Amino acid sequence: MTSRNQQLFELSQKYIPGGVNSPVRAFKSVGGVPIFFQRGQGSYVWDADNKSYLDYVGSWGPLILGHAHPDVIKAVTETAQNGLTFGAPTEAELEIAQMLCTLVPSIEQVRLVSSGTEATMSAIRLARGYTGRSRIIKFEGCYHGHDDALLVKAGSGALTFGHPSSAGVPAETAAHTMVLDYNDLTALEQAFSESGKEIAAVIVEPVAGNMNLVSPKPGFLAALRSLCTQHGSVLIFDEVMTGFRVGATCAQGLYGIRPDLTTLGKVIGGGMPMAAFGGKREIMQCLAPLGPVYQAGTLSGNPVAVAAGLTTLRLVQAAGFYEKLSASTRQLTEGLTAAAKKHGIVFCAQSVGGMFGLYFSAIPPTSYAEVMECNKESFNHFFHSMLSKGIYFAPSAFEAGFVSAAHSSEDINKTLAAADQIFSDWK
Ligand SMILES: *Cc1c(COP(=O)(O)O)cnc(C)c1O
């Protein structure tokens, strides 16, 4: 008997390329049929066959309060009654802008957009407009959305021009992007000493979460800060994932670094399409209508999305919120590490606030190349085994995982018991 999931996936492939609206959803990395969800509540989701799963994806980061938090649903529902969009300013937009500027000290002014991709694309254009320079630096394995300038991989030799990592990106566009290894200070210093005066911006995930989880080595972010200051380049922290995920003041607060521009998304939209970019007033005022850098959006600052975001941001400010979230996440990573060790499996894990990385390797990777050395077959076996026990991790060895405030200690213990059994039967 074919499941409803399978039927839906087969039919979807007829009408939607690959059957999905974003590639990682297709389970291509782990194999098998993607799960079609029908509802979520707290830490759980239910698929089209009504099977429940404990969810460690949380829509890839936004759902820090879990699914369908009653306060968020109430705010969204009430706001929707008063009209879905105006294409004109509203008081709630002012409120969330003030809140973001208060919570993130490096943000003096902020503009709302509808996706993380829009935020990073706009931040890059703004940095170029502000500096009058074209070149940017990004790091291998960091993902900043699907803007042409950022879909770039390293060419041969660290300082050669970048190459498109997607068909359809002009080589001329990619050539303005230099791609360096994450955590590689020597390459960074060399890039700045050779072409510092041409570098408009450096964009970085302050904790990389799109190549599994890679944390910054001590001194890496501080060196980025000082090199950008020294050469007049704009330092952009892409906190679309880490913003209000790793702590109340984002990764920049955690590591004590003040970027010039910050991009936010995921958590700040509370599950609705909303993102933002903001930073130094002097830079932000180059944006239209004040300045020459054009940027716009019909649905930017959408009232329903703002309502979800505001409610979420209020709730995460509760005393002890991140301490508790970090403790739950550590309970998971430490428990999994202990279970693997008990059964002699090469595995490790780490977390930063409410995000975590699982690695089938002896020590956590510090670069994209090291991430690629982790055992992918072991991950895929672990993923499918956990899935069959009703526990949903990201369907790829190259993604970070997320714990929400709705995950209880019992949820984590249930996960650890399942993992213990899987590790004890390890082939
Ligand atoms: C998810 C993500 C993006 C892209 O955001 P979308 O809303 O998917 O466009 C950009 N940067 C980082 C660090 C992300 O994790």
Side-chain angles (χ1 to χ4, degrees), residues 21-22 25 35-48 52-104 110-119 145 239-245 248 250 263-278 297-318 321-322 325 354 392 402-408:
N21 283 312
S22 197
R25 298 178 192 177
I35 297 170
F36 280 63
F37 291 141
Q38 53 157 316
R39 68 194 169 92
Q41 188 64 61
S43 55
Y44 279 83
V45 285
W46 283 261
D47 73 6
S52 69
Y53 302 85
L54 182 52
D55 180 18
Y56 287 105
V57 182
S59 190
W60 301 96
L63 299 181
I64 198 159
L65 301 171
H67 292 267
H69 188 285
D71 293 5
V72 177
I73 300 304
K74 182 166 178 275
V76 164
T77 315
E78 283 177 4
T79 305
Q81 311 272 347
N82 293 322
L84 295 179
T85 174
F86 305 106
T90 60
E91 193 170 337
E93 284 166 78
L94 167 62
E95 207 178 329
I96 199 166
Q98 275 179 317
M99 192 182 281
L100 291 171
C101 293
T102 308
L103 295 175
V104 188
V110 64
R111 184 161 278 177
L112 302 180
V113 292
S114 301
S115 74
T117 295
E118 247 191 288
E239 299 228 40
V240 169
M241 183 183 287
T242 53
F244 303 103
R245 164 58 63 184
C250 308
T263 54
L264 295 165
K266 299 195 169 109
V267 170
I268 71 157
M272 295 291 286
M274 188 175 72
F277 64 103
T298 302
L299 294 177
S300 293
N302 175 267
V304 185
V306 168
L310 261 178
T311 310
T312 302
L313 288 177
R314 283 193 197 110
L315 289 168
V316 300
Q317 287 175 63
F321 181 91
Y322 287 99
L325 183 70
Y392 183 64
F402 303 100
V403 170
S404 80
H407 286 71
S408 65

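Because the structure is a prediction, the values reported are computed rather than measured.
Contacts of Glu78 classified as side-chain contact (heavy atoms from CB on, under 4.5 Å), with partners at least two apart in sequence or in another chain: Lys74. Legend: residues meeting side chain to side chain donor-acceptor pair (under 3.5 Å) with Tyr322, ordered by chain and number and at least two apart, are absent. Partners of Asp55 by side chain to side chain donor-acceptor pair (under 3.5 Å), not counting sequence neighbours, listed by chain and number: His67. Every side-chain contact (heavy atoms from CB on, under 4.5 Å) that Arg25 has, sequence neighbours left out, goes to Val20, Asn21, Ser22. Applying the side-chain contact (heavy atoms from CB on, under 4.5 Å) rule to Ala75 yields the partners Ala307, Thr311; only residues at least two apart in sequence or on another chain are considered. Taking His407 as the reference, Tyr56 meet the ring-ring contact (aromatic ring centres under 6.0 Å, His included) condition, with sequence neighbours excluded. By the side-chain contact (heavy atoms from CB on, under 4.5 Å) test, Met99 pairs with Leu103, Leu310, Leu313, Arg314, Gln317, sequence neighbours left out. Under the ring-ring contact (aromatic ring centres under 6.0 Å, His included) criterion, Tyr392 pairs with Phe37, not counting sequence neighbours.
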Residues 80-94, side-chain donor-acceptor partners within the protein, below 3.5 Å, at least two apart:
unit_1	atom_1	unit_2	atom_2	d
Thr90	OG1	Glu93	OE2	2.8
Glu93	OE2	Thr90	N	2.8

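Across all their heavy atoms, Gly66 and Ala406 have their closest contact at CA-CB, 4.0 Å. In terms of heavy atoms, Ala119 sits closest to Leu264 at CB-O, 4.2 Å. Looking at every heavy atom in both residues, Leu325 comes nearest to Ser404 through CD1-C, 3.5 Å.
One N or O on the side chain of Gln38 and one on the backbone of Asp47 form a donor-acceptor pair closer than 3.5 Å. In this structure a side-chain-to-backbone donor-acceptor pair under 3.5 Å is present from Ser115 to Glu118.
Sequence neighbours left out, not one pair with a member in residues 60-70 passes salt bridge (Lys or Arg N to Asp or Glu O under 4.0 Å).
Note that the CD atom of Gln41 and the NE2 atom of His69 stand 10.0 Å from one another [nearest 0.5 Å]. With rounding to the nearest 0.5 angstrom, the CD1 atom of Ile268 is 11.0 Å from the CD atom of Glu239. Rounded to the nearest 0.5 Å, atoms OG (Ser408) and CG (Leu54) are 8.0 Å apart.
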